[in-house]
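For reference, the structure discussed in these notes is given below.
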Amino acid sequence: MGRAPATSSSSSRSSSSGLKKGPWTAEEDLKLREYIEQHGAGNWRTLPENAGLQRCGKSCRLRWTNYLRPDIKRGRFSFEEEEAIIQLHSVLGNKWSAIAARLPGRTDNEIKNYWNTHIRKRLLRMGLDPVTHAPRLDHLLGSTSQLSNLSNLLC
DNA sequence: AAACAATTCAACCGCAGGACA
DNA sequence: TTGTCCTGCGGTTGAATTGTT
């Protein structure tokens, strides 16, 4: 293994190699969409140059898979979808791509974001551990001091 | 209306692993 | 077997948006 990253490690919005970073413009979206519709994705590394984009292939692939793909279902998650995510997460854990594969039209990135911003908090409010889905011990005991007392007893 | 805090989510990074020469 | 290229994944960041005081 071991090679230079495909993209600049700089956090600036345009790398020293001349590649653009940050939010995509409508014009860039159009270029990428039209290119893939005509030629297919093919090689992501060479796609930006062929499509006339000042982006790295990785950025193009991410934009396509998470936003531009025609089969993506946008908008809020339904109650059924949310329940499905919780159920799948209890079995698969943080395997977001595996969960996304079972939810047509949803991307792993979208599910991961939704989990971290909505579902995780909902489970915590319900007194459930978002990792194990089991009732939280500290929540049941009501305070951290009681928890430390318990751990002292166990030692 | 303004300032500040909290939340959301698009986009990034680093790494793992498959394919291939 | 080893090194390189490429793709895909999970975790994280930070700008934009929304809510609260």
* Measure from the side-chain heavy atoms of A/K21 and tell me the nearest of B/dA11, C/dG10, B/dC13. => B/dC13
* To do: Let me know, please, whether A/N66 or A/K121 comes out on the 5' side of the other along DNA chain B by nearest nucleotide.
  => A/K121
* Atom CZ of A/R76 and atom CD of A/E81: how far apart are they, to the nearest 0.5 Å? -> 11.5 Å
* State, to 0.1 Å, how close A/R45 and A/N43 come at their nearest heavy-atom pair, and which atoms those are. => N-OD1, 2.7 Å
* Report which part of the nucleic acid A/N94 touches: base, sugar-phosphate, or nothing (heavy-atom distance under 4.0 Å, all strands). => sugar-phosphate
* Scan A/K112 against the nucleic acid and name what it touches under 4.0 Å (heavy atoms): base, sugar-phosphate only, or nothing. => base
* With respect to the side chain of A/S97, which nucleotide from C/dG10, C/dT12, B/dA11 is positioned closest? -> C/dG10
* **Nearest to side-chain heavy atoms of A/K58, which nucleotide of B/dC13, C/dG10, B/dA11** => B/dC13
* Asked: Which pair of heavy atoms, one from A/C56 and one from A/P48, lies closest together, and at what distance?
  -> C-CG, 3.8 Å
* Asked: Can you check whether A/W24's main-chain N or O pairs, donor with acceptor, with A/R63's side chain at less than 3.5 Å?
  -> no
* Interatomic distance, A/I119 CD1 vs B/dC9 P [rounded to whole Å] -> 12 Å
* For DNA chain C, what residues of residues 78-88 of chain A have any heavy atom nearer than 4.0 Å? -> none
* **Parallel, tilted or perpendicular: ring planes of A/W96 versus A/W115, cut at 30 and 60 degrees** => tilted
* Structure fact -> Considering only heavy side-chain atoms of A/N113, the closest of C/dG10, B/dC12, C/dT12 is C/dT12
* Could you check whether the rings of A/Y114 and A/F77 sit parallel, tilted or perpendicular, using 30° and 60° as the cut-offs? => parallel
* Going from CG on A/L32 to OG on A/S59, what distance comes out if it is rounded to the nearest 0.5 angstrom? -> 9.0 Å
* Asked: Just one of A/E27, A/E28, A/E34 clears the side chain to side chain contact (heavy atoms under 4.5 Å, CB included) bar with A/L30, so which one?
  -> A/E34
* Asked: Within less than 4.0 Å of OP1 or OP2 of B/dC12, is there a side-chain N or O belonging to A/S59?
  -> yes
* To do: Grab the CD-C1' distance between A/E110 and C/dC9 for me, whole Å please.
  => 17 Å
* Asked: Can you check the A/W115 CH2 to C/dG11 P distance for me, whole Å?
  -> 12 Å
* To the nearest 0.5 Å, what is the distance between OG (A/S78) and CG (A/L103)? -> 8.5 Å
* **Distance test, side-chain N/O of A/R45 to OP1/OP2 of C/dG8, below 4.0 Å** => no
* Atom CD1 of A/I72 to atom P of B/dA11: distance rounded to whole Å? -> 11 Å
* Structure fact -> Of C/dT7, C/dG10, B/dT8, the nucleotide closest to the side chain of A/H118 is B/dT8
* Expressed in angstrom and rounded to an integer, what is the separation of A/W64 atom CH2 from C/dT7 atom P? -> 15 Å
* Structure fact -> Atom CZ of A/R76 and atom C1' of B/dT7 are separated, to the nearest Å, by 12 Å
* To do: Determine: side-chain N/O of A/R120 to OP1/OP2 of B/dT8, distance under 4.0 Å, yes or no.
  => no
* Check the distance between C/dG8's P and A/R63's CZ and give it to me in whole angstrom. => 18 Å
* Asked: With both distances under 3.5 angstrom, what nucleotide forms a Watson-Crick or G-U wobble pair with C/dT1?
  -> none
* **Least distance between heavy atoms, A/P130 atom then A/L124 atom** => CD-CD2, 3.6 Å
* A/I99-A/I86 co-clustered via ILVMFWY side chain contacts under 4.5 Å -> yes
* Can you list, by residue number, the residues of residues 26-42 of chain A that have a non-hydrogen atom closer than 4.0 angstrom to DNA chain C? -> A/G42
* To do: Please determine if a side-chain N or O atom of A/N43 lies less than 4.0 Å away from the OP1 or OP2 oxygen of C/dT7.
  => yes
* **A/W96 side chain near C/dG11 phosphate (N/O to OP1/OP2, under 4.0 Å)** => yes
* Assess whether one donor atom and one acceptor atom, taken from the side chain of A/N109 and the base of B/dA11, lie less than 3.5 Å apart. => yes
* Between C/dA16 atom P and A/W24 atom CH2, what is the distance in whole Å? -> 18 Å
